[in-house]
Amino acid sequence: MSANGGTRAIVAALLANVGIAVTKFIAFLLTGSSSMLAESIHSVADSGNQGLLLLGGKRARREATPQHPFGYGRERYVYAFIVAIVLFSLGGLFALYEAWHKAADPHPIESWQWVPVVVLVAAIVMEGFSFRTAIVESNLIRGNQSWVRFIRRAKAPELPVVLLEDFGALVGLVFALFGVGMTLITGNGMWDAAGTAMIGVLLVVIAVVLAIETKSLLLGEGAEPTDVATIERAVTDGPEVERIIHMKTLYLGPEELLVAAKIAVPACESAEELARGINAVEARIRAAVPVARVIYLEPDIWSATAQRAGTGAAAHTAVATPEAAAPQAAVAGADESHAGG
């Protein structure tokens, strides 16, 4: 993901939400509409969330330390997960509480009746600008993926978070406009409560989706199958490697992939020749997949016997594990006992 593109989308969303939150609060104070209050808190939560994403991006750029030798790239995932919690609690649960409170006392909007409609229409325009910016920035890296797949598979959390937040904000504004409009038409405050409840359910669903996707990133995801295939071709596309015995990948951060592989190499006359071959393989991997910045290659000698045994090494170089050695020792002891008998 383009870090600059993600930052532009976050800043656009932050500016829009701050302006929207102020106007919504004024509309709530003038009208007492619960939908306006729920939307006000929603915009405040979104503004805080964009601040968290910017903070996470800044902290993720810190240099690696002995305590954190692989750096702080995953801190972007941590802050994205916090965003999901804030959206769930401050946005969704508050809106549901406000809907319940309004339903208990469903008074109509009696003063400044035109204010919430004007504010909500203006908010839709501003939120639409923010959503458009997120779409444009996402399209630069989305490729041919569907939007659902892009949100589910993106390794950088910022754009998917902003996309879901802006989409939720636009739908929430439509719900609020529906609740306020029906309240003004019918004079029944229950419509305002219904609109508020719809906003709450929407925010809870979006927060749960964000939490699930971010949790997967926090646990650690490997490279996409296409990138894995590209790396495998880069490893074997030369005389230095006969085959890959096994390989694993892991994203240390949105833009840093770890590649660890055990490779079968042909017999070498010197350690210098072996080291030169490994360096060549690493260069090919980085050229093929630039985010593969941390690479560990373990050379070994392959044999079919060792492959069947699961050791991944030639029979004469493999070291027996304690679990494998125990049955062998038992067999040897039985043989000695039989011989003694």
Side-chain angles (χ1 to χ4, degrees), residues 1-3 57 59-77 141 153-156 216-326 328:
M1 184 194 117
S2 169
R59 292 181 61 84
R61 290 191 293 270
R62 289 179 294 167
E63 295 294 329
T65 64
Q67 188 176 8
H68 298 92
F70 290 110
Y72 293 85
R74 284 196 182 182
E75 208 154 346
R76 287 163 69 177
Y77 302 151
I141 60 172
R153 306 303 298 176
K155 304 305 179 185
S216 179
L217 292 169
L218 280 170
L219 290 175
E221 291 187 356
E224 290 293 302
T226 53
D227 285 338
V228 171
T230 301
I231 293 171
E232 289 176 344
R233 285 195 300 269
V235 171
T236 57
D237 189 21
E240 304 89 358
V241 178
E242 293 178 339
R243 66 173 63 207
I244 297 173
I245 298 173
H246 56 75
M247 184 180 77
K248 295 183 179 180
T249 62
L250 178 68
Y251 270 92
L252 303 174
E255 295 159 358
E256 188 171 31
L257 179 67
L258 180 148
V259 178
K262 195 167 193 175
I263 55 177
V265 298
C268 299
E269 294 183 359
S270 67
E272 181 180 351
E273 182 183 353
L274 176 61
R276 189 181 300 113
I278 290 176
N279 290 336
V281 174
E282 290 180 353
R284 289 201 301 268
I285 294 174
R286 291 191 175 96
V289 182
V291 294
R293 299 179 182 175
V294 181
I295 302 173
Y296 297 107
L297 300 178
E298 179 187 353
D300 207 332
I301 300 173
W302 182 87
S303 75
T305 302
Q307 184 75 7
R308 288 193 295 270
T311 62
H316 64 279
T317 63
V319 177
T321 62
E323 293 79 3
Q328 294 176 3

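Note that the coordinates shown come from a computational prediction; the quantities given were computed from them, not determined experimentally.
- The distance from the OG1 atom of T236 to the CZ atom of R284 is 8.0 Å, given to the nearest 0.5 Å.
- Residues L257 and I231 have side chains in contact (heavy-atom distance under 4.5 Å, counting atoms from C-beta outward).
- Take Y251 and apply the side chain to side chain donor-acceptor pair (under 3.5 Å) test, not counting sequence neighbours, and it matches no residue.
- Looking at heavy atoms from C-beta onward, R62 lies in side-chain contact with E75 at the 4.5 angstrom threshold.
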**Study point:** Test side-chain contact (heavy atoms from CB on, under 4.5 Å) applied to M247 and V228, step by step
**Key:** CA-CA 9 Å; M247 184 180 77; V228 171; 3.9 Å; yes
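- T249 places a side-chain N or O within 3.5 Å of a backbone atom of A223 that can act as its donor or acceptor partner.
- To the nearest 0.5 angstrom, I285 atom CD1 is 12.5 Å from R233 atom CZ.
- The line from CD1 of I278 to CD1 of I295 is 11.5 Å long, rounded to the nearest 0.5 Å.
- In this structure, CZ on R153 lies 9.0 Å from CG on L217, to the nearest 0.5 angstrom.
- Counting only distance, with no hydrogens or angles, the side chain of R59 and the backbone of Y72 share no donor-acceptor pair below 3.5 Å.
- Using a 4.5 Å cut-off on side-chain heavy atoms (C-beta onward), I245 and I263 make no contact.
- Of all heavy-atom pairs spanning P266 and E240, the tightest one is CD-O, 3.3 Å.
- Side-chain contact between V235 and E232 is absent, with no heavy atoms from C-beta onward closer than 4.5 Å.
- The minimum heavy-atom distance between V241 and R243, with the atom names listed, is CG1-O, 3.4 Å.
- Here the side chain of R76 pairs no donor or acceptor atom with the backbone of G73 at under 3.5 angstrom.
- Contact check for L258 versus F70: side-chain heavy atoms found under the 4.5 Å cut-off.
- Salt-bridge formation is detected for the pair K155/E224: a Lys NZ or Arg NE/NH1/NH2 atom is positioned less than 4.0 Å from an Asp or Glu carboxylate oxygen.
- Using a cutoff of 4.0 Å between basic side-chain nitrogens and carboxylate oxygens, E256 and R293 are not scored as salt-bridged.
- Taking each heavy atom of A64 and G71 in turn, the nearest pair found is CB-N, 3.7 Å.
- In this structure, K262 NZ and D300 CG are separated by 4.5 Å, a value rounded to the nearest 0.5 Å.
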